[in-house]
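Residue numbers start from 1 in every chain, and the chains themselves are labelled A, B, ... in the order their sequence lines are given, proteins ahead of strands.
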Amino acid sequence: MTEFDPADHFAPDRLEKLGRLREAGVDPYPPAFRPSRSVGGFVDEYEDIEEIEDDTTHRLAGRVHRINDLGGIAFVEIEDESGAVQLILDEDTDGYEHIDELDFIDIVGAEGEAVRSNTGELSLHADSFTFLTKTLKHHNPPSQSELGDRYETRAVKFWWGEVRDPVETRYRMTRQLRRFLDDCGFLEVETPVLQNVAGGTDATPFETHLEAKDQEMYLRIATELHLKRLLVGGFEKVYEVGPVFRNEDIDVTHNPEFTMLELYQAYADYTDMMDLTEDLVAHLVEAAAGDLVVTYDNPLRDADGNVRTDEENDVLTEPVEIDFSPPWPRMTPEEAIERYSDESIDVTECDDEELRELALAHGGEFPGGYSRGLGIVELFENVAEYEIVDPTFVVDHPKETTPLCKDHREKEGRIERFELFAAGFELANAYTELNDPVEQGELFAEQVARREAGDEEAHQMDEDFLDALAHGMPPAGGLGVGIDRLAMLATNSQTIKDVIAFPIRGE
RNA sequence: GGGUCGGUAGCUCAGUGGUUUAGAGCGCCUGGCUCUUAACCAGGCGGUCGAGGGUUCGAAUCCCUCCCGACCCGCCA
């Protein structure tokens, strides 16, 4: 049996204070306190009153952010979620005798009346003072601390608004998202995280093991194939917002687990999805940022698309204004290449080989073999994607880019797909969903071939999904939105970690 | 997978052309103080310098290996 020795884990001086409190019969961790109001509410009521003549008793609680003990009188600033206020404790205060045991960041409660200090500061003159949570770690005031990203102290970093605000805004945005879609008649559903076949996109899955059946399983890389099964089952408007897992590396716009919205609407197509995306994203940005035009400190990139940094590895940025007011421009990949490339490349003038040379020259790669469509995509990603600032739909991709999308109703070799870009990265992806089981089977087979040819991220065959599709999925539009990235733009965060409460630890 | 930078007191950091006793601010401890605002005043404690090995009369400092962290590249959303 392993003994737990607090001295191995916690600050010795605080453990001594904890012991002294217990010896004095004070519970350092009482079960409840029940404040009569928030600190912010208290401040709001009295802050404009010069001469406070009000003997109402208030009970306030919060974390200690300052202690000025003058001996005989002490000023203790506490802060809760709504604001901060100063407590005045003196020899008449019940509990003042334990002031020596009080530390910065302890959580305390006090009961008393609103007063002004001699310097005029709104305060609560405490009749009683109670320890609510004795802390056992030291912590310096913000003026003494650097804001770091170390996971183990992440809980504490939320005290400072710089860390907390983007995360809080992100959760409020998700809340708005659910309201919006619920109001549109979508049903929120949950599909399996553990899957036999990880499909729905090209990505490397996490592998795990199911002991009960002694079989390998995967964490989902997308929710697409299960949401489509729901369409087969008669659900007509469904969405899921939740984590997906991709076993790939970590950078400013990628975290191995991230939150994705996927939604599917029966009898709709990708143009309906574009309209919905404009409404939804604009609504969310406005709700989160307070305006449809947001300022974003966009990372600067060199000619190769690499992020530029200074000697201390700080990412260099330039502020850009991103205007989310609908409607947003819609252009094909070729049009985007011509518009955003420095040389105004017109790929319609290139034959297949010229296009391949051009794509390779701009850093393109073709691990699973070259085709004209893939050449266009590589060129787009290398010359155009980073240049797009305002939200822009890139539409009608080459057929090779995904095996899950329906052929374009007019354009040969194209599919009915769009991607939404803003600030140089992809925010959303949508299709007129493929519901032809034979073509789906053929496309899966092509993927398997590509996989065997060396493209490790190509799809696997999903027989169960094909079987479902063969029972009839109505024509449908589907949409995926990267919630973390949308939150980045809405909160002017330069790294995805800033909008994730507990980002994964790097190696 | 490749690269850059970093790890020194509880926290944030300085110190490294090799030298006796490794520093600062904050925190902490003792004492004082009834209107403070990072309170103040006086005194004090606190570090096997990320781990291991090597070079050397002598290593926080030079070399090697490893661990951990931040960032960049490739890939991916």
Side-chain angles (χ1 to χ4, degrees), chain A residues 9-17 65-77 84 86-93 96 99-100 103-105 115-121 123 125 136-153 156 200-205 221-222 244-262 299 301-302 304-316 363 365 367 381 385 419-421 425-429 455-457 480-486 488 494-497 503 505-507:
Chain A
H9 300 267
F10 309 134
D13 52 290
R14 298 211 173 189
L15 285 168
E16 283 176 26
K17 290 176 179 178
H65 276 201
R66 172 169 55 84
I67 304 169
N68 301 148
D69 179 11
L70 278 64
I73 188 168
F75 300 89
V76 175
E77 184 174 280
Q86 170 176 280
L87 310 176
I88 299 178
L89 317 180
D90 59 28
E91 287 172 339
D92 297 328
T93 304
Y96 181 77
I99 188 76
D100 286 346
D103 286 304
F104 183 68
I105 79 174
V115 296
R116 292 221 170 255
S117 71
N118 289 1
T119 57
E121 179 168 342
S123 311
H125 185 248
L136 299 178
K137 286 282 191 182
H138 291 161
H139 206 276
N140 276 358
S143 54
Q144 296 291 329
S145 296
E146 287 282 313
L147 293 171
D149 270 333
R150 290 164 61 192
Y151 174 86
E152 62 269 28
T153 53
V156 168
T201 186
D202 294 347
T204 310
I221 55 176
V244 295
F245 308 85
R246 299 187 185 173
N247 205 343
E248 290 150 359
D249 228 327
I250 301 160
D251 66 27
V252 289
T253 56
H254 297 85
N255 196 61
E257 59 176 311
F258 64 102
T259 300
M260 186 146 78
L261 163 72
E262 286 198 46
R301 291 175 183 276
D302 63 22
D304 297 324
N306 298 335
V307 171
R308 287 172 54 195
T309 57
D310 64 17
E311 289 175 358
E312 292 175 354
N313 283 326
D314 291 327
V315 173
L316 299 174
E365 290 178 18
E381 289 178 355
E385 181 173 342
E419 290 179 294
L420 172 65
F421 292 91
F425 51 77
E426 184 180 347
L427 279 180
N429 181 28
D455 187 351
E456 292 176 4
E457 290 170 353
V481 181
I483 297 302
D484 313 85
R485 291 181 174 184
L486 188 56
M488 285 171 67
Q494 276 61 55
T495 159
I496 197 167
K497 289 184 175 186
R505 300 177 68 182
E507 283 200 332

>> With a 4.5 Å cut-off on side-chain heavy atoms, are A:Ile496 and A:Phe425 touching?
In response: no

>> Please give the distance between the C1' atoms of B:C57 and B:G50 as a whole number of Å.
In response: 28 Å

> When the P atoms of B:A24 and B:G47 are considered, how many whole Å apart are they?
Replying inline: 14 Å

>> Measure CD/A:Glu381 against P/B:G74 and give the value in whole Å, please.
In response: 12 Å

>> Could you measure the distance from the NE2 atom of A:His65 to the CD atom of A:Glu77? Nearest 0.5 Å is fine.
In response: 8.0 Å

>> Rounding to an integer number of angstrom, what distance separates B:G23 and B:C45 when you compare their P atoms?
In response: 13 Å

> Between the side-chain atoms of A:Glu77 and the base atoms of B:U37, is any donor-acceptor pair under 3.5 Å?
Replying inline: no

>> Using side-chain heavy atoms (C-beta onward) and a distance below 4.5 Å, is A:Leu136 in contact with A:Leu15?
In response: yes

> If we call it a pair only when both distances are under 3.5 Å in a Watson-Crick or G-U wobble match, what pairs with B:G17?
Replying inline: none

> For the pair made of CZ in A:Phe104 and P in B:C11, what is the distance, rounded to whole Å?
Replying inline: 15 Å

> Distance between the P atoms of B:G25 and B:A70, in whole angstroms?
Replying inline: 31 Å

> If you look at every strand shown and take non-hydrogen atoms under 4.0 Å, does A:Leu427 touch a base, only sugar-phosphate, or nothing?
Replying inline: nothing

> Which value, in whole Å, describes the distance between the C1' atoms of nucleotides B:A60 and B:A9?
Replying inline: 14 Å

> Are side-chain heavy atoms of A:Asn255 and A:Asp484 found at a separation under 4.5 Å?
Replying inline: no

> Just checking A:Asp103: base, sugar-phosphate only, or nothing, at a heavy-atom cut-off of under 4.0 Å?
Replying inline: sugar-phosphate

>> Starting the side chain at C-beta, find the nucleotide from B:C29, B:U37, B:C76 nearest to A:Lys17.
In response: B:C29

> Does A:Asn68 make a side-chain N or O approach to OP1 or OP2 of B:U36 shorter than 4.0 Å?
Replying inline: no

> Of the nucleotides B:C28, B:U37, B:C29, which one has an atom closest to the side chain of A:Glu121?
Replying inline: B:U37

> Could you state the CD-P distance from A:Glu91 to B:C35, rounded to the nearest angstrom?
Replying inline: 12 Å

> Whole Å only: how far is the CD atom of A:Gln86 from the P atom of B:U37?
Replying inline: 10 Å

> Roughly how far apart, to the nearest Å, are B:C13 and B:U4 at atom P?
Replying inline: 23 Å

> What integer distance in Å separates A:Asn118:CG from B:C35:C1'?
Replying inline: 5 Å

> When you check the phosphate oxygens OP1 and OP2 of B:C11, does a side-chain N or O of A:Lys137 lie under 4.0 Å from one of them?
Replying inline: no

> How far, in whole Å, is B:U48 from B:A22 if one measures between their C1' atoms?
Replying inline: 13 Å

>> So, taking the atom named CG in A:Leu87 and the one named CG in A:Asp90, what distance separates them when rounded to the nearest 0.5 Å?
In response: 12.0 Å

>> Taking only the P atom of each, what is the distance from B:A51 to B:G43 in whole angstrom?
In response: 34 Å

>> Whole angstroms only, please: what is the CG-P distance between A:Leu87 and B:U37?
In response: 17 Å

>> I need the OH-C1' distance between A:Tyr96 and B:U34, as an integer number of Å.
In response: 8 Å

>> Checking the side chain of A:Thr119 only, and the main-chain atoms of A:Ser117 only, is there a donor and an acceptor separated by less than 3.5 Å?
In response: no

> For B:C49, which nucleotide is its Watson-Crick or G-U wobble mate, given both distances must be under 3.5 Å?
Replying inline: none

> Partner of B:G43 by Watson-Crick or G-U wobble geometry, both contacts under 3.5 Å, or none?
Replying inline: B:C29

>> Let's test this: given Watson-Crick or G-U wobble pairing with both distances under 3.5 Å, identify the partner of B:C57.
In response: none

>> Regarding A:Phe258, tell me which of base, sugar-phosphate or nothing describes its non-hydrogen contacts under 4.0 Å with the strands shown.
In response: base

> For the side chain of A:Lys497, counting heavy atoms from C-beta on, which of B:U37, B:C71, B:U34 is nearest?
Replying inline: B:C71

> OG1 of A:Thr253 to CD of A:Gln494: how many Å apart, nearest 0.5 Å?
Replying inline: 12.0 Å

>> Please report the distance, rounded to the nearest Å, between CG in A:Asp69 and P in B:C41.
In response: 16 Å

> Reckon A:Asp13 touches a base, only the sugar-phosphate, or nothing at all at heavy-atom distances under 4.0 Å?
Replying inline: sugar-phosphate

> Which base, if any, makes a Watson-Crick or G-U wobble pair with B:C71, both distances under 3.5 Å?
Replying inline: B:G3

> Relative to the 5' end of RNA chain B, which residue comes earlier, A:Asp90 or A:Gly120, by the nucleotide with the nearest heavy atom?
Replying inline: A:Asp90

